[in-house]
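Everything below concerns the one structure shown next.
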Amino acid sequence: SAIRAAHPALRWLRNWRKQSADDENVMCFSKRHVDGGRDDTIIVVANLDPHTTRETWIHLDMPELGLGWNDGFVAKDLITGESWQWGQHNFVRVGRDVEPVHIIHVRRF
């Protein structure tokens with residue numbers, strides 16, 4: 001896909017890191033790849049329940065993303081093009097009546 005081709009972090013298998021979500025039906029993980037000074041970090045948030053829209057908080061291990069615990073960043077959804085300001089704790093809504101998955105590119109301020 002075009003998203004995978006544009007993001008080296010998605011081409012590696014061993015860089016998968018579990019992130020935390022309050023709802024067990026929402027999976028959250030990150031992938032990071034640093035090469036030649038280019039830092040490519042992706043966060044994926046997916047609803048595992050095909051029948052219900054889920055609203056939950058996700059909690060990110062900021063050092064795994066190459067950030068400090070109190071840092072903020074621009075979270076750009078590579079599917080919809082929307083952007084939000086995120087930090088360690090973020091509210092998400094994924095499901096039937098919205099996007100079932102977010103593929104987020106982390107952009108530092």
Side-chain angles (χ1 to χ4, degrees):
S1 80
I3 292 174
R4 184 174 177 169
H7 293 279
L10 296 174
R11 295 183 225 140
W12 297 84
L13 296 176
R14 294 183 182 181
N15 62 342
W16 187 93
R17 299 293 182 265
K18 184 180 184 313
Q19 300 290 339
S20 176
D22 288 347
D23 185 333
E24 65 185 18
N25 291 293
V26 174
M27 177 175 63
C28 185
F29 66 89
S30 63
K31 298 188 86 180
R32 181 174 181 227
H33 181 71
V34 180
D35 185 27
R38 181 175 180 221
D39 188 340
D40 184 42
T41 305
I42 300 292
I43 300 166
V44 176
V45 182
N47 182 354
L48 303 177
D49 178 356
H51 307 291
T52 307
T53 295
R54 297 287 179 164
E55 296 179 341
T56 192
W57 284 89
I58 60 169
H59 311 283
L60 303 173
D61 182 331
M62 299 298 277
E64 286 286 348
L65 306 177
L67 299 165
W69 284 108
N70 296 315
D71 288 350
F73 61 93
V74 175
K76 180 171 182 176
D77 189 320
L78 297 175
I79 296 173
T80 66
E82 292 182 74
S83 293
W84 308 280
Q85 290 187 10
W86 275 15
Q88 182 182 3
H89 308 286
N90 307 284
F91 181 79
V92 295
R93 187 170 191 261
V94 284
R96 292 178 57 144
D97 60 338
V98 293
E99 292 297 321
V101 65
H102 293 300
I103 301 175
I104 303 293
H105 181 232
V106 173
R107 294 189 332 216
R108 284 144 186 80
F109 289 129

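Note: hydrogens, waters and symmetry copies are ignored here, and every other heavy atom, side chains too, is used.
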Can you label the angle between the His105 ring and the His7 ring as parallel, tilted or perpendicular, going by 30° and 60°?
tilted

Step-by-step side-chain contact (heavy atoms from CB on, under 4.5 Å) determination, Trp69 to Gln88
CA-CA 7 Å; Trp69 284 108; Gln88 182 182 3; 3.4 Å; yes

Euclidean distance, [Y] [atom2] relative to [X] [atom1], rounded to 0.5 Å:
X: Met27; Y: Gln19; atom1: CE; atom2: CD; result: 12.0 Å
X: Ile42; Y: Leu10; atom1: CD1; atom2: CG; result: 5.0 Å
X: Trp84; Y: Asn90; atom1: CH2; atom2: CG; result: 10.0 Å
X: Arg107; Y: Ser83; atom1: CZ; atom2: OG; result: 5.0 Å
X: Arg96; Y: His51; atom1: CZ; atom2: NE2; result: 8.0 Å

Of all heavy-atom pairs linking Glu55 and Phe91, the shortest is CB-CZ, 3.5 Å

Quick one: do [X] and [Y] end up in the same hydrophobic cluster if we chain Ile, Leu, Val, Met, Phe, Trp and Tyr together by side-chain heavy atoms under 4.5 Å apart?
X: Ile103; Y: Leu48; value: yes
X: Phe29; Y: Ile104; value: no
X: Ile43; Y: Ile3; value: no
X: Val44; Y: Leu78; value: yes

Item to complete: Take Arg108 and Leu67, measure what side-chain contact (heavy atoms from CB on, under 4.5 Å) needs, and give me the verdict at the end.
Response: CA-CA 9 Å; Arg108 284 144 186 80; Leu67 299 165; 3.7 Å; yes

Is it the case that the side chains of [Y] and [X] hold a donor-acceptor pair, with the cut-off being a distance below 3.5 Å and no angle test?
X: Asp22; Y: Thr56; answer: no
X: Asp77; Y: His102; answer: yes
X: Ser30; Y: Glu64; answer: no

For residues [X] and [Y], determine if any side-chain heavy atom of one lies less than 4.5 Å from a side-chain heavy atom of the other.
X: Thr53; Y: Val98; value: yes
X: Asn47; Y: Val101; value: no
X: Phe109; Y: Asp71; value: no
X: Pro8; Y: Arg38; value: yes

### Task
Could you please spell out the steps behind the side-chain contact (heavy atoms from CB on, under 4.5 Å) verdict for Phe73 and Leu60?
CA-CA 12 Å; Phe73 61 93; Leu60 303 173; 3.8 Å; yes

Using only atom types and a distance under 3.5 Å, with no angle test, would you say the side chain of Ser20 pairs donor to acceptor with the backbone of Ile58?
no

Report yes or no: does Gln85 contribute a side-chain atom to a donor-acceptor pair with the main-chain N or O of Gly72 at less than 3.5 Å? no

Task: Heavy-atom neighbours of Trp12 CH2 exceed 12 at 6.0 Å - done: no

Counting only heavy atoms from other residues, nucleotides and ligands, does the tally under 6.0 Å from CG of Asp97 exceed 12? yes

(Q) Please evaluate residues Thr80 and Glu99 with respect to the criterion side-chain contact (heavy atoms from CB on, under 4.5 Å), reporting the C-alpha separation (whole Å), side-chain torsions for both, the decisive distance (0.1 Å), and the verdict. (A) CA-CA 8 Å; Thr80 66; Glu99 292 297 321; 3.5 Å; yes

- Are the charged groups of Arg54 and Asp49 less than 4.0 angstrom apart, N to O? yes

Exercise for review: Check step by step if salt bridge (Lys or Arg N to Asp or Glu O under 4.0 Å) holds for Asp40 and Arg32.
Suggested key: CA-CA 6 Å; Asp40 184 42; Arg32 181 174 181 227; over 6 Å; no

